[in-house]
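What follows is a set of notes on a single structure, which appears directly below.
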Amino acid sequence: MNNRLYKYYPEDFGELKVDVLHMDLTFDIYDDRTNVKSILRVRTKDEPIEKLELNCRDLEIRAVSCFQSEVSYRYRKDDAILEISFRDLIPPNTEIAVITDTVCRPTKNILEGLYYDETPAGAPPQQITQCQQWGFQRIVPCIDDMTAKCTYRTTIIADSRYTNLITNGDVAVERHTVKPGRDKIVYDNSVTPMATYLFFLGVGTYATFRREFEYPDGSTFMLELLVPPDSDARAAEKALDILHDCVMWVYVFTGPEQYDEDRLAIRQLMWDLVRRREKLKIEAKPRPGQGEDELGGDGQVGKREGQGERAGEGERAGEGQELRKIRDELSRLDRNITPGYRYTGTVYREIGMQNSDFGGMENVGNTTITTNRIMPFPQITDPAFEYMIRVKVHEYYHNQNGSEVTGRSPFEIWLNEAVTVHIEEQYHAFLFGEDYQRLQRVLDLLAPASGTFALDSGAASMPIIPDGFNDPNDLITAVTYVKSPEYVRMVESLTGKDTFVRGLDRYFKKFQHSNASTQDWIEDMEEESGVALKEMSETWLRQTKFPVADVSAEYDKLTGKFTFFLKQHIPAGGKPWEFPFRAALVDERGKDIVEVLERVSGETAEIVIENVGMPSFLSLNRGYSFYGKLVYRASQEELLMQVRKDSDIVGRFTAFYTFVDREKLRLLRVPGSAPSEDFIELYYRLLNDRQLLERAGGQFLTIFESVEDEEFAHHYQALYDVKQKLLKAVAGKYRSSLISAYNFFENASVPRDGSLEETARVIKSRQAKNICLGVLATLDAPDIHALIKQQFETATCTTDRLSAFAAYLNSSAPDKIEVLRAFEAESKKNLIAWEAFLSVIGSNSSVDAVELVREMERSDAFRIEQTNDQRALYGSFARNRKKSLETEEGRVLFAEVLRKLAPVNEYTTVNLLNAFANIDQMEIKYHIPLVKILADLLAELDPQKYPSVYNRIRKLLLGAPAAVEAYGIVQGKIPALQT
C-alpha cells in the first residue's frame with residue numbers, strides 16, 4: 001500500500017538541465033481540436049545532454065525534430081512526459097531548437113489547458129486557457145516549470161467569426177484573413193520573460209470595451225475589457241473606471257516611499273488631479289456612435305497608443321486650457337515622488353471567463369476574471385461588488401509580484417499571493433476605510449464553516465508551505481490567501497511599514513524577470529530592516545494551526561507597574577510561535593493610557609509597563625496584530641465597557657464576540673434559559689450606534705453559529721437554534737425600534753453619487769438595514785412576512801432582494817413556495833442571478849432544505865460542469881452542516897454529490913470535503929455514518945485519476961481516529977488506511 005499522502009514533494013523540484021530561452025508557437029484552432037507547432041529554444045548548461053524530457057499531458061504527437069541533431073522520441077503518457085533522445089550528444093552551453101507538431105483537444109470540465117467556456121448564441125465555440133500551474137503542458141510539449149521563464153512569439157489562426165484572438169504580448173502582425181473563413185494574428189511577448197503558468201490563449205466572441213490609461217507624466221497604454229456580447233455599456237464603462245482607479249492607485253500610493261509623510265499630500269493631490277483630468281477627458285469625448293473606436297466592438301486588437309508615448313498631438317491641440325494645466329501640474333508633481341509599479345505593456349486586458357476554478361488569474365497582460373464578477377452587473381451583490389474591486393487590483397499587481405518576480409516552485413505560490421493580497425487589502429481600505437477592511441478580515445478568520453481558523457484547526461489543515469501536494473490547486477486555499485497575508489502583515493508590524501516597503505522594493509529590483517525563493521524574500525526583508533525573521537518564519541510557514549495564548553494581567557498600585565502574562569498552547573511536537581502583540585490599557589472614557597507593541601517568542605512571555613494608572617479595561621491583540629486567538633477572562637463589566645468605548649474597532653468587536661460567545665454557551669448548557677437583558681440591551685445599543693456602523697458597517701453585528709468551547713463547537717443545529725433565540729429576544733423587546741432603524745438605514749442606503757467612496761458608504765448602510773430585517777424575521781409573524789416580501793418585491797439592488805428572499809424562505813409564510821418558484825424562473829434567465837439564487841438555496845435553514853437542493857440540481861438550468869453552479873449550490877450546502885452532516889437525508893445527498901462531482905471537478909470536490917474536517921469533535925452518533933460516506937467514496941475512487949480527492953479523504957479520516965475506530969468495530973477496517 002502506498003502511504004504517501006502527496007504526489008509531489010519539494011525534492012521533485014530541482015534545477016533545470018537547460019535554460020529555456022524562447023518559444024515560437026503557432027496555434028491553428030478549430031472547433032474540436034487545435035494543431036500546435038512549437039519551436040522551443042533552450043541552452044544546455046555546464047553538462048552535455050543526451051536527452052530532453054518535456055512535460056506533455058494528453059496530447060497527440062504528430063512529429064518531433066531538432067534543428068541541431070537527429071532525434072528519436074518516446075511518449076510516456078502515464079508520466080505525461082515526451083522523452084526526446086538526441087543522436088548526437090549536445091555539448092555544454094549550446095543552444096538548440098526542438099520542434100514539435102501536436103494536437104490538443106479542449107473539454108468542458110477539465111478547466112486547465114485549453115477548454116470550452118460559455119459560448120454566445122450563434123458564435124463558434126468559446127475557447128480559453130488556464131495554465132496555473134501545469135495547464136501549459138496540456139497545450140504544447142514544454143518544460144512546465146516556474147523557473148522556465150522565457151520570451152514568446154505566438155501566432156493564432158482561427159475562425160474569422162471570432163471577435164477576439166488573444167494571447168500574451170503586443171501585436172506584431174495585425175489580424176488579417178489568410179483564407180476564406182480563417183484569420184491570423186501574431187503577438188510578441190519579449191519585454192517580460194514569462195513562466196509557463198502565465199501563458200494565456202483565447203479565441204472568443206466578446207464585446208470589447210476600451211479606455212486609455214494616462215500616467216501623470218502623459219505616457220499611455222490601453223485598458224481593455226472583454227465581456228459577453230450583450231453586456232450593458234454603462235456597466236462596462238464603470239468596470240473600466242474601477243480598473244483605471246486601481247492601476248493609478250498602485251502607481252501613486254505604493255512603492256518604496258509610500259509612507260513618506262512629506263509626500264503624502266503630493267500623492268493625494270495627484271490622485272485628485274487625475275480624477276479631475278479623467279472627468280474632463282470624458283466630457284470632451286464623442287458620444288458612443290460618434291467615434292468608431294469609442295467602445296470597440298470589432299474585436300480588432302492593436303488600436304492603441306504605445307506605452308511611453310505622450311498623448312497624441314491632435315488631442316493636445318484640441319484640449320481645453322484646464323486640461324492642459326492639470327497635465328502640466330501632474331507632470332511636475334510626478335517628478336517629486338517615487339511611484340509604485342508601472343505597467344510595461346501596450347494593452348492590459350481583463351477577460352470574462354464564465355467557467356473556472358478560480359475567481360481570477362493573472363496571465364501577463366491578460367487577466368481572466370470570472371464573468372459574474374468582472375463588472376457591476378445589475379444582478380451583482382454587494383459582497384460580489386467588493387470582490388470585483390479586490391480582484392481587479394489583485395490581478396493587476398501580480399504583474400509585478402508573480403509575473404516579473406516569480407516564485408521558484410509551487411511551494412512559493414504563497415509568496416506570490418501573500419504580498420499581492422497585502423496590497424489588495426490596502427486598496428480596499430483606501431476605499432472602504434481601514435476599520436471596515438480589517439474587521440472584514442477578522443470575520444474571515446473567525447467564520448465557523450468557511451473561516452481560516454476553522455480550516456486551519458481541522459483535519460484538513462496544512463501549513464503555508466506544506467510538506468507536499470497532489471495538485472497545485474491544493475495550494476489555492478484560505479491558508480494561502482488569508483493566513484499567509486496575515487504572516488506578511490506580522491512581518492510588516494515587526495519591521496515597521498517604512499522599512500517593509502523598502503524591503504519589498506529591494507526584493508522586486510533584485511529578482512526582476514527572474515525567480516525567487518521564500519528564503520530570498522526573508523533575507524531581503526532582514527537585510528533592509530535588521531530584524532531577525534528566519535526562525536519566526538520557519539514556524540509560521542511550516543507549522544499548522546495557530547497560536548492560542550492565555551493572557552492574564554497584574555497591576556501594582558504602589559509602583560504603577562502593569563504586567564501582561566502570556567502562555568501559548570503549543571501543538572504536540574510543535575514549537576511556540578513568534579508574533580507581534582499589540583495591546584493597550586484604556587481608561588473608563590475609552591482613552592488609551594498607553595499602547596504597546598511587543599514581539600512575543602517562547603512558550604511564555606511577560607510584558608511590563610511602568611508608571612501607569614490602573615486601566616478600566618484591556619484592549620488586546622489590537623487590529624488583530626497576530627494570526628491567532630487570545631483567551632482572557634475579562635469580567636462582563638469590562639467586556640461591556642470595551643464594546644462601547646474601545647477606540648480600536650477590532651478590540652470592540654472581539655469583546656462583543658467574547659460576550660456573545662459566553663451568552664451562547666450559557667444557553668447551550670442550560671437549554672431552557674432565556675437570553676440575558678445585558679445581551680439584549682447591548683445588541684440594541686450597537687444597532688443604534690450610527691457612528692460605529694458608518695465606520696464598520698453592519699458586519700460588526702455578526703453573530704456566528706459557533707462557540708469557542710469544544711464541547712459544543714460542532715453541534716451545528718443547536719448553534720443555529722441558539723443564535724435564532726438570541727436575535728428573537730432582541731426582536732421581541734424592540735420590535736418597533738427595529739422597524740424604525742430599518743427605515744433609517746433604508747433611507748441611508750440611497751446613493752448620492754456614483755463614486756466608489758459613496759458606494760462603500762451605501763454598502764455599509766445596506767448591511768445594517770438587512771441586519772435589522774434578519775433580526776425581525778426571527779419573529780416569523782404575518783406583519784414581518786409582509787415587510788420582508790415588500791423588500792423582496794421593491795428592492796432596487798440584488799443584495800436587498802436576496803436578503804429578503806433568504807428570510808422569506810426560512811419563514812412560515814404560506815406563499816413562500818410560490819415566491820420561490822417565481823424567483824427561480826426569473827433567476828434562470830441570468831447566470832449571475834442563477835448563481836446567487838443557488839447559493840441561497842444551498843444555505844437555507846428551512847425544513848425543506850435538502851429537498852430544495854435536490855430540486856435545483858434536477859433543474860434544466862443547473863449544469864454540474866459549471867464551477868459557479870457547483871460552488872453556489874453544492875458549496876453552500878456542504879457548509880450548511882446542520883443539514884448536510886446532521887440529517888440523514890442531508891448525508892445521503894452529500895454522498896451522492898461527492899460521488900458525482902469527483903470525476904467532474906476535483907478542486908471543488910476537495911473544498912466540499914472540508915466540511916468533514918471535525919468529525920471527531922461532533923456528537924458520537926454522527927461518527928460512523930460520516931466515516932462511512934468517506935470510506936465508501938475512498939473504495940470507489942481511482943487514486944491515480946483523482947489523487948487530490950483520494951488523498952484528502954485519507955487525510956480527513958486519519959484526522960478522525962476516534963470515529964474511524966468506532967467505524968472499524970462495526971464495519972471493519974478501511975483498507976486504504978492500512979499500512
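Side-chain atoms are counted along with the backbone in the values below, which use heavy atoms only and exclude waters and symmetry mates.
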> Got Leu541 and Ile522 here, is their nearest side-chain heavy-atom distance under 4.5 Å?
Replying inline: yes

>> Could you walk me through whether Glu486 and Lys483 satisfy the salt bridge (charged side-chain N to carboxylate O under 4.0 Å, His left out) test, starting with their C-alpha distance in whole Å, then the side-chain angles of each, then the deciding distance to 0.1 Å, before giving a yes or no?
In response: CA-CA 5 Å; Glu486 288 298 299; Lys483 183 178 182 179; over 6 Å; no

>> Can you confirm whether more than 12 heavy atoms, excluding those of Glu965, are under 6.0 Å from its CD atom?
In response: no

> Near Lys545 NZ, under 6.0 Å, is it more than 12 heavy atoms from other residues, nucleotides or ligands?
Replying inline: yes

> Taking Asn355 as the fixed residue, which of Asp869, Thr867, Asn905, Asn868 is the one that meets the side chain to side chain donor-acceptor pair (under 3.5 Å) rule?
Replying inline: Thr867

Test item: side-chain donor near acceptor, [X] and [Y], under 3.5 Å:
{"X": "His394", "Y": "Glu417", "result": "yes"}
{"X": "Thr908", "Y": "Gln870", "result": "yes"}
{"X": "Thr370", "Y": "Asn372", "result": "no"}
{"X": "Asn914", "Y": "Arg879", "result": "no"}

Are any of the side-chain nitrogens in [X] or [Y] under 4.0 Å away from the carboxylate oxygens of its partner?
{"X": "Arg57", "Y": "Glu112", "result": "no"}
{"X": "Glu835", "Y": "Arg373", "result": "yes"}
{"X": "Glu896", "Y": "Arg899", "result": "no"}
{"X": "Arg489", "Y": "Glu425", "result": "no"}
{"X": "Glu538", "Y": "Lys575", "result": "no"}

>> Once side-chain hydrogen bond (donor to acceptor under 3.5 Å, both in side chains) is applied, do any residues pair with Ser884, and if so which ones, sequence neighbours excluded?
In response: none

> Does Lys17 have any side chain to side chain contact (heavy atoms under 4.5 Å, CB included) partners at least two apart in sequence or in another chain, and if so, which?
Replying inline: none

